[in-house]
Amino acid sequence: MTLNGAAFLALWNDFDPARDDEYNVWHTFEHVPERVGIAGILSGRRYVARERAERRYFTLYELEALAALDGPQYKDVVDRPTEWSAAMRPSFRNFLRSPCATVFSAGIGMAGAILTLRFGVAREPDAGAARAALGPLLETSGITAVHLGRVDTTAR
């Protein structure tokens, strides 16, 4: 299914294994609901690759626009975390945050398994080139959606 909005926030991370159970409860019941309650953040979902040793967790937030990450509500939750959120922060490991403008998004589904790729390109991707390169993947058995974003290094 296509992504909602004109942007997304992609996050990869690990977490202190001794606090993994607490992390999952916190992320599900406090962190994501808090973020999705912010104006401009449309949805959030998380995936885990339990068999991996690094970057086990991937979270995707759909955004109306990258400006949602500059709004006062977002700044407030980042700058003034709840007591529980503040206690969780030191346990993050291998954290990578990529605010992206959506270049291309197509498909009919939202799968339970995903593949994420990060790569550099020599020139700016455009929707037409992305559609030509990525659209045929939707004809592959098991692939239900493809998305391409351009990282915005100026976004908060």
According to side-chain hydrogen bond (donor to acceptor under 3.5 Å, both in side chains), who are the partners of Arg150, at least two apart in sequence or on a separate chain?
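Once residues adjacent in sequence are excluded, the partners of Arg150 under the side-chain hydrogen bond (donor to acceptor under 3.5 Å, both in side chains) criterion are Glu124.
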Of Glu34, Glu30, His31, which is the lone residue that meets side chain to side chain donor-acceptor pair (under 3.5 Å) with Thr82?
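Output: one option passes, namely Glu30.
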Can you tell if the side chain of Arg55 reaches within under 4.5 Å of the side chain of Thr116, non-hydrogen atoms only?
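No, their side chains stay 4.5 Å or more apart.
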Met110 versus Thr144: any side-chain heavy-atom pair under 4.5 Å?
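With C-beta onward as the side chain, the pair stays apart.
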Minimum heavy-atom separation for [X] and [Y], please, with both atom names.
| X | Y | answer |
| --- | --- | --- |
| Tyr74 | Arg97 | OH-NH2, 3.1 Å |
| Pro33 | His27 | CD-O, 4.1 Å |
| Ala87 | Pro90 | O-CD, 3.5 Å |
| Val77 | Arg89 | O-NH2, 3.7 Å |
| Pro81 | Ser85 | CB-CB, 3.9 Å |

Atom pair CG (Asp20) and OG (Ser91), whose distance is rounded to the nearest 0.5 Å:
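One finds 10.5 Å between CG of Asp20 and OG of Ser91.
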When rounded to the nearest 0.5 angstrom, what distance separates CG in Asn13 from CZ in Phe58?
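The distance works out to 10.5 Å.
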Ignoring hydrogens and angles, write down the donor-acceptor pairs under 3.5 Å from the side chains of residues 36-45, residues two or more places apart or on other chains.
unit_1, atom_1, unit_2, atom_2, d
Ser43, OG, Glu62, OE1, 2.3
Arg45, NE, Tyr47, OH, 3.2
Arg45, NH1, Glu62, OE1, 3.3

Indicate, with yes or no, if [Y] and [X] share a hydrophobic cluster defined by side-chain heavy-atom contacts under 4.5 Å among Ile, Leu, Val, Met, Phe, Trp and Tyr.
| X | Y | answer |
| --- | --- | --- |
| Ile114 | Val146 | no |
| Leu9 | Leu66 | yes |
| Leu115 | Phe119 | yes |
| Val121 | Val151 | no |
| Leu96 | Val78 | no |

Taking the ring of Tyr61 and the ring of Phe8, is the distance between their centroids below 6.0 Å?
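Ring-ring flag for Phe8/Tyr61: false, centres at least 6.0 Å apart.
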Has Arg80 got more than 12 heavy atoms of other residues, nucleotides or ligands less than 6.0 Å from its CZ?
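No, because the 6.0 Å sphere around CZ of Arg80 holds 12 heavy atoms or fewer from other groups.
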Just wondering, more than 12 heavy atoms not from Phe29 lying within 6.0 Å of its CZ?
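Atom CZ in Phe29 is not crowded, with 12 or fewer foreign heavy atoms closer than 6.0 Å.
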Can you list everything that forms a ring-ring contact (aromatic ring centres under 6.0 Å, His included) with Tyr57? Sequence neighbours excluded, please.
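For Tyr57, the residues satisfying ring-ring contact (aromatic ring centres under 6.0 Å, His included) (neighbours in sequence not counted) are Tyr23.
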Would you mind writing out the side-chain donor-acceptor pairs for residues 98-108 within the sub-3.5 Å range, not counting sequence neighbours?
unit_1, atom_1, unit_2, atom_2, d
Ser105, OG, Leu3, N, 2.7
Ser105, OG, His147, ND1, 2.7

Salt bridge (charged side-chain N to carboxylate O under 4.0 Å, His left out) involving Glu51 - partner list, sequence neighbours excluded
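Testing Glu51 for salt bridge (charged side-chain N to carboxylate O under 4.0 Å, His left out), a comparison that skips the adjacent residues, returns none.
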I would like to know whether Asn24 and Arg46 meet side chain to side chain donor-acceptor pair (under 3.5 Å); could you show each step before the answer?
CA-CA 10 Å; Asn24 286 299; Arg46 183 173 58 135; 3.0 Å; yes
Extract all donor-acceptor atom pairs below 3.5 Å that involve side chains of residues 126-138 and protein atoms in other chains or at least two apart in sequence.
unit_1, atom_1, unit_2, atom_2, d
Asp126, OD1, Gly128, N, 2.9
Asp126, OD1, Ala129, N, 2.8

Using 30° and 60° as the class boundaries, would you call the ring planes of Trp26 and Phe15 parallel, tilted or perpendicular?
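Rings of Trp26 and Phe15: parallel, under 30°.
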